[in-house]
J.: 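Shown below is the structure under consideration.
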Amino acid sequence: METNNLALIVRTMADTIIANENYFSELDGVVGDGDFGYSLARGFEIVLQDWDALDNSSPSHFLKAISTIIIGRVGGVSGIIWGTAFLRASMTLATKIEVSKEDVIASFRNAVEGIQKRGQAELGDKTLLDALVPAINQLEASFQKGEDSRSAIEAAAVVARQSAEATRPMLAKRGRASYSGERSIGSLDAGAVAVAVLFEAVSKAWKA
Amino acid sequence: METNNLALIVRTMADTIIANENYFSELDGVVGDGDFGYSLARGFEIVLQDWDALDNSSPSHFLKAISTIIIGRVGGVSGIIWGTAFLRASMTLATKIEVSKEDVIASFRNAVEGIQKRGQAELGDKTLLDALVPAINQLEASFQKGEDSRSAIEAAAVVARQSAEATRPMLAKRGRASYSGERSIGSLDAGAVAVAVLFEAVSKAWKA
Amino acid sequence: MKKLMNDPKKFVSEMLKGVALANSKTLKYIPEYNLIMRADGPNDNKVSILQGSGSGHEPAHAMIVGYGMLDAVCQGDVFAAPPADYIYQTTKLIASKKGVLYLINNYTGDRMAFEMGREMAEADGIEVRAVIIDDDVAVKDSLYTVGRRGVAGNFFVIKAVGAAAERGASLEALEALGNRVVAATRTMGMALTGCTPPAKGKPIFTLAEDEMEIGIGIHGEPGRKRVKLASANQIVDELLASVVEDLPFKAGDEVALMINGMGATPISELYLLYGYAHEQVEKLGMTIKRNYVGNYCTSLDMQGFSLTLVKLDPELEDLLAAPAEIAIRTF
Amino acid sequence: MKKLMNDPKKFVSEMLKGVALANSKTLKYIPEYNLIMRADGPNDNKVSILQGSGSGHEPAHAMIVGYGMLDAVCQGDVFAAPPADYIYQTTKLIASKKGVLYLINNYTGDRMAFEMGREMAEADGIEVRAVIIDDDVAVKDSLYTVGRRGVAGNFFVIKAVGAAAERGASLEALEALGNRVVAATRTMGMALTGCTPPAKGKPIFTLAEDEMEIGIGIHGEPGRKRVKLASANQIVDELLASVVEDLPFKAGDEVALMINGMGATPISELYLLYGYAHEQVEKLGMTIKRNYVGNYCTSLDMQGFSLTLVKLDPELEDLLAAPAEIAIRTF
Ligand SMILES: Nc1ncnc2c1ncn2[C@@H]1O[C@H](COP(=O)(O)OP(=O)(O)O)[C@@H](O)[C@H]1O
Ligand SMILES: Nc1ncnc2c1ncn2[C@@H]1O[C@H](COP(=O)(O)OP(=O)(O)O)[C@@H](O)[C@H]1O
Ligand SMILES: [Mg+2]
Ligand SMILES: [Mg+2]
Ligand SMILES: [Mg+2]
Ligand SMILES: [Mg+2]
């Protein structure tokens, strides 16, 4: 993967997040405070605004630039979680110019570790990790089977969607939704759905 | 008229005011502040509560006792207006034990004078005077024609009702309704309707 | 509209009880007359200051009794002037050798009750003077004969007169001062929603989701006009224009600016309004010497606000800055 | 629900601008970080105190910066913790030789942002400590692993720590004091209506005319249960019982009692609630040494209130009584 592909992914993410602002916020509003879409959208708006000025001298620098915007401008849990994810991915890639499939998986793993360090969430706590981790697992499995990026991402998107749906019966143990206790059962986790929507969008963009 | 008849009138007024609390307040709510029924009802509740202890050694004393309750316990324009009316009537009757038809008219006239002194309202300003004064005029005319109390009161009630209805096209120039300016046109004056309702109730009670 | 209350008929008395219990060292409560008065009054070296008025405008008036402000209030029911007898009894209780000053908001019920109470008090030999407050520019004085309403501007009259009274001013001087503040004060308000008196249980008027009412009173009286909801800045522009042209206020004037909430408006929105109003007043060439943002004179649970400008002179500014102590406090 | 605002995206910045313009002599506003700080800070003889938090809880936190209270706040958007970078930048701006104390309401977003901001600040050599505030008894600590929320009780932590900081207390001492206040403070809230974030335009939750929600948070999080609307006294009984049994508070305790409005509750209702709560607390044998009635920590335009009890000792009582100066004032 090159910076070009990376740019496609981040741009697709940004466009998708902005297009889904209200949908994401509504999901967060069921048992959270309804600002998830708003927070992310404000951050990725800035990503798009600053797009041409972003340091894309290397994949690592590019991801660092994104993380700086998110950490600097996005509030709420999401600012930290998503900002940390980009920062960890950037750190993983360090000085690399070419990004291998192994690098992609390592970046994702490192991002998850960072999210868990900050947020202390376990799998099953009804957070975006419940969609992200299975999707990464699928991506890795596909890569190991020698599938191409296109079908690997497609398969990961399917798993992300299924896993997001699977958050419905979960009891929220992290984030604001956890205050609702038993009432959090029966609704989807906003972050997990966002992960699914983003994997789907990237998969679609990859094919085009 | 004796204290007995006077007692019947006041009791009928009290019962009617309490029964019409919400109706009177609704009328006041259209362009006023919606408390007219509430204010009067709270005062006449006390009249009924204290009924047996009221000084009824003479018509004048009895009316004075009522006025003291109203002035002492009813707030808003109505406390003053109605309290003043009872006080003026009481003053008119002074030491009389028997109340003649002339005394009744004189008491009413004195009450109207008192109301006007306090409130500075003219006929046509869309206040209770617009029902009260025509009703008194009718009462006096009936008495002068030699009609009995029963038919005189009945005729006065008819005039009071017509006059109350006639407040609809008026522009309020006094009281809170006047702040609504042109908007006060098209609704009935709460006080005028109350006067009509009370004349009707007394007329009905007189017949029974 | 829902309320946190028990029996609507006890709304006022239970509220006053709360004020009294929260301020047991400084305030005295006499339930019979809905009366809240300073525990340390009356003081024969100081004119006593009384405001009556209906309830529903909290913190005015029951919560603004204290050092440097009112000596007492006797409140009527929600939106109803107090009975004349409350005023008479209160006047007797607070009578000082220097006299008693009534600060009356210009409503028929209040004026009549105070007039009658005053007659009774004067018959007892108590010296009484009165100032009529009528700062609301929404009511055109010339059209309707009852004159303008007294609204949030009453705060400035109370504050200035209260401070001067503490400094020992005479009854005549305070009456003149009160009239001077009234003459320098203009207010206009608006509402996003009507208010609901506890005993009524329904809003006095209702507005659609995209409507607002401009020029409302503080008793749910409808205003000058009902129009489409506009942006905060546009609303400030409209209220400010009405207020400024009325006195008129001019470039070079030193002023106090108040954004007063109507009861259910979050303080965040009031500060947002203040920010823009401040800029606009300065653009007109005036200098804002003092500012006030919060709930001063409300209309129960109405959403909305009023904007008040007061033209200051050095004496008035000094009186407004003088210390005072009332139930409404943060610490 | 209607709002007095312009562009919802500018809600927070326009509000902060208003706060700054209304307090231009005492406060400094740095729009880039939604930062309101004391104009006279930092002071190397005094620990600097920072609270971050999301917006929508006004007057907390932007309007309670000042002498004896906070040295700065950097607010996030409505109900969103500030970005970590705001905290880092703010910490640098207020850094004093005596250190910086964070007072953090216990929410995941706030904790993470402050943790990250702190790491960055410590890397610059700034000494930082933090106190986590979690006074809300509605959230059962044992069941959910994120712990209790910080709600209106944060006022007492800020006030006590703020006063002690003015007296020169060390960073360690302030951290210990903050934790001591947290340990002595319990709150529970309820709502008659949900609240509407400006950018959302619709209430986060809606309640029927005869319903209320018990145990709500201050971000529109639904509460323990949704039940039939009860009388004010019954509601106070329920909240008080939850608060009292939790610490537990006991006969003989000296306490501070706060009735805190959620943003759109008229002050009349808050005093009505206070009156009954006061009587009940005294019936339980406690002595109310200080009381607080008003809007301290709100949830935008939510109707409702919370009840807080703080167990006092002489030191704490003295700190609560110490003078302070903030944007929220009457005069
Ligand atoms: N501790 C956590 N670790 C990982 N993800 C979390 C955590 N807490 C919440 N989330 C995710 O963040 C989403 C909510 O984000 P956001 O609305 O920005 O949070 P908040 O409004 O609580 O600050 C949730 O749907 C969930 O997926
Ligand atoms: N100046 C006045 N003179 C005589 N009657 C008046 C006057 N002003 C108002 N009223 C009458 O009083 C009624 C309203 O009474 P009330 O609701 O008690 O007044 P408020 O709420 O304004 O104090 C009006 O319907 C009108 O009939
Ligand atoms: Mg959220
Ligand atoms: Mg009325
Ligand atoms: Mg009234
Ligand atoms: Mg949030």
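The model shown is predicted, which means the values in this text are computed figures rather than measured ones.
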J.: Under 4.5 Å from any heavy atom of chain C, what part of D:I328 do you find: side chain, backbone, both or neither?
T.: both
J.: Does any heavy atom of chain D fall under 4.5 Å from the side chain of C:A256, the backbone, both, or neither of them?
T.: neither
J.: If you count the non-hydrogen atoms of other residues, nucleotides and ligands that lie under 6.0 Å from CD in C:Q280, is the total more than 12?
T.: yes
J.: Tell me, out of D:F305, D:Y292, D:F11, D:Y276, who's got the most heavy-atom pairs with chain C below 4.5 Å.
T.: D:F11
J.: Could you tell me which portion of C:M190 (side chain, backbone, both or neither) has an atom closer than 4.5 angstrom to a non-hydrogen atom of chain D?
T.: side chain
J.: With a 4.5 angstrom heavy-atom cut-off, which part of D:L192 approaches chain C: side chain, backbone, both or neither?
T.: both
J.: What part of C:L273 lies closer than 4.5 angstrom to a heavy atom of chain D: side chain, backbone, both or neither?
T.: side chain
J.: Select, from C:A20, C:A230, C:A22, C:A322, the one with the greatest count of heavy-atom pairs under 4.5 Å involving chain D.
T.: C:A22
J.: Using heavy-atom distances under 4.5 Å, tell me whether C:F155 contacts chain D through its side chain, its backbone, both, or neither.
T.: side chain
J.: Checking D:A163 against chain C: side chain, backbone, both or neither under 4.5 Å from a heavy atom?
T.: neither
J.: Which value, rounded to the nearest 0.5 Å, describes the distance between D:E58 atom CD and C:L272 atom CG?
T.: 10.5 Å
J.: Donor-acceptor pair, D:N6 side chain versus C:N233 backbone, under 3.5 Å?
T.: yes
J.: In Å and rounded to the nearest 0.5 Å, what is the CG to CG distance from C:L229 to D:L4?
T.: 7.5 Å
J.: Backbone N or O of D:G304 within a donor-acceptor pair of the C:K2 side chain at under 3.5 Å?
T.: no
J.: Between atom OG of C:S24 and atom CG of D:N291, what is the distance when rounded to the nearest 0.5 Å?
T.: 8.0 Å
J.: With chain C as the partner, which of D:H57, D:K10, D:E211 has the greatest number of non-hydrogen pairs under 4.5 Å?
T.: D:E211
J.: Can you tell which part of D:M69 gets under 4.5 Å to a heavy atom of chain C, answering side chain, backbone, both or neither?
T.: side chain
J.: Write down the atom of C:M63, the atom of D:S268, and the distance for their closest heavy-atom approach.
T.: CE-CA, 4.2 Å
J.: Rounded to the nearest 0.5 Å, what separation is found between the CD atom of D:E269 and the CG atom of C:L300?
T.: 8.0 Å
J.: Quick one: does C:F331's side chain get under 4.5 Å of D:K159's, heavy atoms only?
T.: yes
J.: Between D:T298 and chain C, which part of the residue has a heavy atom less than 4.5 Å away: side chain, backbone, both or neither?
T.: neither
J.: To the closest 0.5 Å, what do you measure between CG (D:L21) and NE2 (C:H278)?
T.: 4.5 Å
J.: At a heavy-atom distance under 4.5 Å, which candidate from D:L320, D:T193, D:V19, D:L257 has the highest pair count against chain C?
T.: D:V19
J.: Chain C heavy atoms under 4.5 Å from D:D7: which part of the residue, side chain, backbone, both or neither?
T.: neither
J.: Pick one of side chain, backbone, both or neither for C:M302, based on which atoms fall under 4.5 Å of a heavy atom in chain D.
T.: neither
J.: Taking D:S55, D:A208, D:G56 one by one, which has the highest count of heavy-atom pairs under 4.5 Å against chain C?
T.: D:A208
J.: Could you look at D:E209 and say if it's the side chain, the backbone, both or neither that has a heavy atom under 4.5 Å from chain C?
T.: both
J.: For chain D, which of C:Q234, C:R290, C:Q303, C:M5 has the most heavy-atom pairs under 4.5 Å?
T.: C:M5
J.: Against chain D, label C:T330 side chain, backbone, both or neither, depending on which of its atoms sit under 4.5 Å from a heavy atom there.
T.: both
J.: Which bit of D:Y296 is near chain C, if near means a heavy-atom gap under 4.5 Å: side chain, backbone, both or neither?
T.: side chain
J.: Need one label for D:L207: side chain, backbone, both or neither, based on atoms under 4.5 Å from any heavy atom in chain C.
T.: both
J.: Heavy-atom cut-off 4.5 Å, strictly under: side chain, backbone, both or neither for D:R329 against chain C?
T.: both
J.: If we define contacts as heavy-atom pairs under 4.5 Å, which of C:I326, C:I64, C:N295 has the most with chain D?
T.: C:I326
J.: Can you tell me how far apart NZ (C:K3) and OG1 (D:T265) are? Round to the nearest 0.5 Å.
T.: 10.0 Å
